[in-house]
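To start, the structure itself, in C-alpha cells.
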Amino acid sequence: MLDFLKDHPFAVDAYFDSSIVLTFAFPKDQLQPHIPECLELDTFEDKWAFVAVAMVQTRNLRPKGFPKFFGNDFFLIGYRIFVRYTTQAGKNLRGLYIIRSETDQKKMEFFGNLFTHYNYTTTDIELENADDLLKIHSEKSRFHLEVSISKEDVELPSDSPFKDWKEARRFAGPLPFTFTYDERKKEVLIIEGVRQNWKPKPIEVVNQRFGYIDGLGLNGKQLANAFIITEIPYSWKKGRKEKWNG
C-alpha cells in the first residue's frame with residue numbers, strides 16, 4: 001500500500017568519511033542474466049562487464065534540508081553492476097544496478113527499506129586500522145578485506161583488464177546514477193547522486209574475499225581496480241520514474 005514511499009520520495013544529504021570501492025571484471029555473458037531488460041551492461045572492449053563492491057562510512061545522513069543533528073552515521077555496503085540506460089529523451093546514462101545492500105545498523109535497514117528498493121539487511125562490521133593496513137571484516141556476510149591506503153605508486157591488480165589507472169578510473173564507482181526496475185509496471189526509477197571534488201585514489205589490495213560474489217556462481221572473476229576517496233559531501237536527488245517502452 002505504501003510502495004510509493006520506496007521511490008526515493010525526497011532528496012538525501014550525507015558526508016562520506018571514506019568510500020572504498022573494489023571493482024571485479026567478469027566476461028559479459030556472466031553478468032547479462034543479472035540485469036533487467038531495460039538496462040545494458042556497461043562494458044570494456046565489448047568483453048568485460050563489472051561488479052563494484054562499495055564500503056562507505058557515512059556521516060550525518062539525513063533528508064535534504066534537515067539540520068545535521070538529525071543525521072545518523074552508518075556503514076553501508078553495496079554490490080552494484082555497471083550498466084547503461086537510455087532515457088525516453090534518448091540520453092544514455094551510465095550508472096549502477098543494485099544487487100545487494102547491507103548496513104551495520106537496524107535503523108538504516110528499517111528506513112532504507114521504507115524509502116528505497118535497495119532491500120537492506122543488517123550485518124556485523126569490524127574495522128581495524130593499524131600500520132597502514134585497513135581491515136574490514138564481516139562473519140555474517142562472509143567477507144574480509146585488507147587494503148594499504150597510504151601507499152604511493154600502487155600497481156593495478158595483476159589480472160586487471162585495464163592497461164593503466166586512467167583507464168581503470170572509468171570504472172571506479174559509485175557512478176552518478178542508480179537504477180531500479182519494476183518489471184510489472186515497466187517503470188524505471190532513476191536516482192541521481194551529486195558530488196564534488198571526486199578524485200578517487202588507487203589503493204593496494206592485500207587480501208580480499210567476498211562470499212556474496214563467490215556465491216553468485218559466476219566464472220572468470222578478476223579484480224580490476226580498487227580506489228578510496230575521503231571527506232566528500234554527497235547527496236542523492238529525489239527519484240524520478242519513466243516508462244520503459246522496450
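Residues: numbered from 1 along the sequence shown. The analysis underlying the following values was restricted to heavy atoms, covering all of them including side chains, and did not include hydrogens, waters or symmetry mates. What you see is a predicted model, and the numbers here were worked out from it, not measured in a lab.
Under the 6.0 Å distance and 45° angle rule, Arg170 does not count as a cation-pi partner of Phe227.
A donor-acceptor distance shorter than 3.5 angstrom exists from the side chain of Asp104 to the backbone of Phe75, with no hydrogens or angles considered. Formation of a donor-acceptor pair under 3.5 Å by the Thr58 side chain with backbone atoms of Phe74 is found in this model. A donor-acceptor pair is defined here as one N or O able to donate and one able to accept, closer than 3.5 Å; no such pair exists between the side chain of Asn207 and the backbone of Glu146. Listed for the Asp131 side chain is no donor-acceptor partner under 3.5 Å among the backbone atoms of Leu133. In this structure a side-chain-to-backbone donor-acceptor pair under 3.5 Å is missing from Asp42 to Arg94. Between the side chain of Asn225 and the backbone N or O of Ala168, at least one donor-acceptor pair lies under 3.5 Å. Listed for the Glu204 side chain is no donor-acceptor partner under 3.5 Å among the backbone atoms of Lys151.
Using modelled atom types and a 3.5 Å distance limit, the side chains of Tyr234 and Ser19 yield no donor-acceptor pair. Using modelled atom types, one finds a donor on one side chain and an acceptor on the other under 3.5 Å when comparing Asp7 with His117. Judged purely by distance below 3.5 Å, without hydrogens or angles, the side chains of Arg80 and Ser101 pair a donor atom with an acceptor atom.
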When you look at Trp244 and Glu183, which way does the side-chain contact (heavy atoms from CB on, under 4.5 Å) test go after all the steps? CA-CA 9 Å; Trp244 184 72; Glu183 185 175 3; over 6 Å; no

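Tested against Tyr15, the residues Gln57, Glu231, Arg59, Lys68 include a single side chain to side chain donor-acceptor pair (under 3.5 Å) partner, Glu231. Evaluated for a side chain to side chain donor-acceptor pair (under 3.5 Å) with Tyr118, the options Thr178, Thr180, Thr103 yield exactly one hit, Thr178. With respect to Asn72, the side chain to side chain donor-acceptor pair (under 3.5 Å) criterion is satisfied by exactly one of Arg62, Lys107, Gln105: Lys107.
Taking 4.5 Å as the limit, some side-chain heavy atom of Glu152 sits within range of a side-chain heavy atom of Lys201. Residues Asp46 and Lys28 form a side-chain contact, since some pair of their non-hydrogen atoms from C-beta on lies under 4.5 Å apart. Under the 4.5 Å side-chain criterion, counting only non-hydrogen atoms from C-beta, Pro9 is in contact with Phe115.
Under a 4.0 Å N-O distance rule, the pair Glu126/Lys135 does not qualify as a salt bridge. Contact check on Asp124 versus Lys140 returns no salt bridge, with no Lys/Arg side-chain nitrogen under 4.0 Å from an Asp/Glu carboxylate oxygen. Comment: Asp214 does not engage Arg209 in a salt bridge, judged by the lack of any side-chain N to carboxylate O separation of less than 4.0 angstrom.
Annotation: Tyr97 is not in aromatic contact with Phe179 [ring centroid separation under 6.0 Å not met]. When ring centroids are compared, Phe177 and Tyr85 stay outside the 6.0 Å threshold. The ring of Phe44 has its center closer than 6.0 angstrom to the ring center of Phe162.
Shown here is Phe66, whose CZ atom has no more than 12 heavy atoms of other residues, nucleotides or ligands within 6.0 Å.
Val53 and Tyr120 sit in two unconnected hydrophobic clusters of ILVMFWY residues. Membership requires side-chain heavy atoms under 4.5 Å apart, directly or through other members.
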